[in-house]
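A short worksheet on the structure shown next.
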Number of protein chains: 2
Amino acid sequence: MSLRMALLGLLTASGPASGYDLTKRFESSVNHAWHAGHSQIYPELAKMAADGLVTVGEEGPRGRKTYTVTEEGSRRLHDWLVTKEHFRPVRDEGALRAFLLPMLEPEESVPLLRREAGVYAARLAELEALEASKPRERETRFGRYALDLGIRQMRMMRDWAEETADRIEHAARG
Amino acid sequence: MSLRMALLGLLTASGPASGYDLTKRFESSVNHAWHAGHSQIYPELAKMAADGLVTVGEEGPRGRKTYTVTEEGSRRLHDWLVTKEHFRPVRDEGALRAFLLPMLEPEESVPLLRREAGVYAARLAELEALEASKPRERETRFGRYALDLGIRQMRMMRDWAEETADRIEHAARG
DNA sequence: GATTGACATGTAAGAACTGACATATAAATA
DNA sequence: TATTTATATGTCAGTTCTTACATGTCAATC
């Protein structure tokens, strides 16, 4: 369902597109919120067309197919967005590793956390650059709040990793 | 792999247990980091036994089976924890909804965000209560950093939802 | 003695996802 | 002209996850 909604959202935000386009749009936008590759996107678009959520245009060069959202598709996306009861259970590998972290010795966990803090910091810098560069056009309005959320997320993870490393170091010495 | 590691972690942290126990431990601890139900846990334990990561004790009352981590299991968990290259692609439904949020009218999105901020605030209160109540025993050391992470996560989500609602309201009026 | 609830284990169909394989065309570069 | 790169679409086997079904025991309450 989530993949469907992400695709309907992208089609609504930036207009009709091919599976190939959508795969790239995924990479450059929703990817921080939801990941999907082309091998998932192509079959899903076919199912969505069968279910009347999108229509397929005539084949263009290189067999290109262009998908457009239908009224039904719009309605379904709207309904999904407004309905609150369907949160997926959490499955966050970073958090799982955090959970298991106390199993390691400080000599192992501290450098690990510092390294991870670095990864989060780099990701944060990327997102901040993206935010600064992006003009406030119609299409770019979509995902604006998500970008802000992504930035907050990275900042939080970086701080958590750094401060947890400090705590462990302090406990090991004290 | 993640499920395996979560199970090995729980078995290491709180000692030998049955699938039933592990299902409940999952609910009360790792659940904020990784979710799994009994229908996933039972078959996984069987496979882990076949792979030599755990051993199965004799059947107790009501067909109860007790699993214990082997040396091999310990080693594998340790290796997994120390290795950094295997982050799962993000799939966060909350973030996806955040991405699609600008598609709604302020009259719809603002109350939605306020309601969600309430949910996050409630969850935050729960986790803070848990942190305050938990004695610092051997078993409870596991998951301590994850609990802190969970608290930070909830706080961040609550703030994001609240502040985004403010921004949208302000933009709609201004 | 009967019923209820917590304990305890499983299966199985279907959806969602991963990673690799497979194919072909148009445009740009060497 | 030949080669490479980007465009464009697909399939498929295997894994993971979801939801529902299915079964039986032990302890406590009624």
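Below, chain A is the first sequence line, B the second, and so on; all start at residue 1. Since we're looking at a predicted model, the values are computed, not measured. Just so it is clear, the values below take in all heavy atoms, side chains as well, and ignore hydrogens, waters and symmetry mates.
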Rounded to the nearest angstrom, tell me the gap between atom [atom1] in [X] and atom [atom2] in [N].
X	N	atom1	atom2	result
A/D21	D/dA6	CG	P	16 Å
B/I41	C/dA8	CD1	P	14 Å
B/E93	D/dT18	CD	C1'	14 Å
A/L45	D/dT11	CG	C1'	16 Å

Map every base of DNA chain C to its dot-bracket character, where paired means a Watson-Crick or G-U wobble contact with both distances under 3.5 Å and | marks a partner outside the strand. ||||||||||||||||||||||||||||||
Quick one, [X] and [Y] - any side-chain contact, counting heavy atoms below 4.5 Å?
X	Y	result
A/L8	A/M48	yes
A/V82	A/H78	yes
B/H32	B/L127	yes
A/V119	B/F87	no
A/L130	A/E126	no
A/L112	A/R115	yes
A/M1	A/R88	no

A/D79 and A/R75 ion-paired at < 4.0 Å: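 Looking at A/R75 together with A/D79, the answer is yes, because their closest N to O distance falls below 4.0 Å.
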Does this structure show an ion pair linking B/R152 with B/D148, if we count only N-O contacts that are shorter than 4.0 Å?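 Result for this pair is yes, salt bridge flagged.
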A/K24 side-chain N/O to D/dT7 phosphate OP1/OP2 under 4.0 Å: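 So the side-chain polar atoms of A/K24 do come within 4.0 Å of the phosphate oxygens OP1 or OP2 of D/dT7, strictly under.
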Would one find a side-chain N or O of B/Y20 under 4.0 angstrom from OP1 or OP2 of C/dC7?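 Answer yes for this pair, as a side-chain N or O of B/Y20 is under 4.0 Å from OP1 or OP2.
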Residues within residues 53-67 of chain A bordering DNA chain D, heavy-atom distance below 4.0 Å: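 Result for residues 53-67 of chain A: A/R62, A/G63, A/R64, A/K65, sorted by number.
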Where protein sits on nucleotides 11-21 of chain C, one letter per nucleotide: B base, S sugar-phosphate only, - none, heavy atoms under 4.0 Å: BB---SSBBB-
Just by distance, do the side chain of B/R25 and the backbone of B/L11 share a donor-acceptor pair under 3.5 Å?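 Checking the backbone N and O of B/L11 against the side chain of B/R25, no donor-acceptor pair under 3.5 Å is found.
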Could you check A/L53, A/L81, A/D51 and say which one makes a side chain to side chain contact (heavy atoms under 4.5 Å, CB included) with A/R76?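 Testing each of A/L53, A/L81, A/D51 against A/R76, the sole residue satisfying side chain to side chain contact (heavy atoms under 4.5 Å, CB included) is A/L53.
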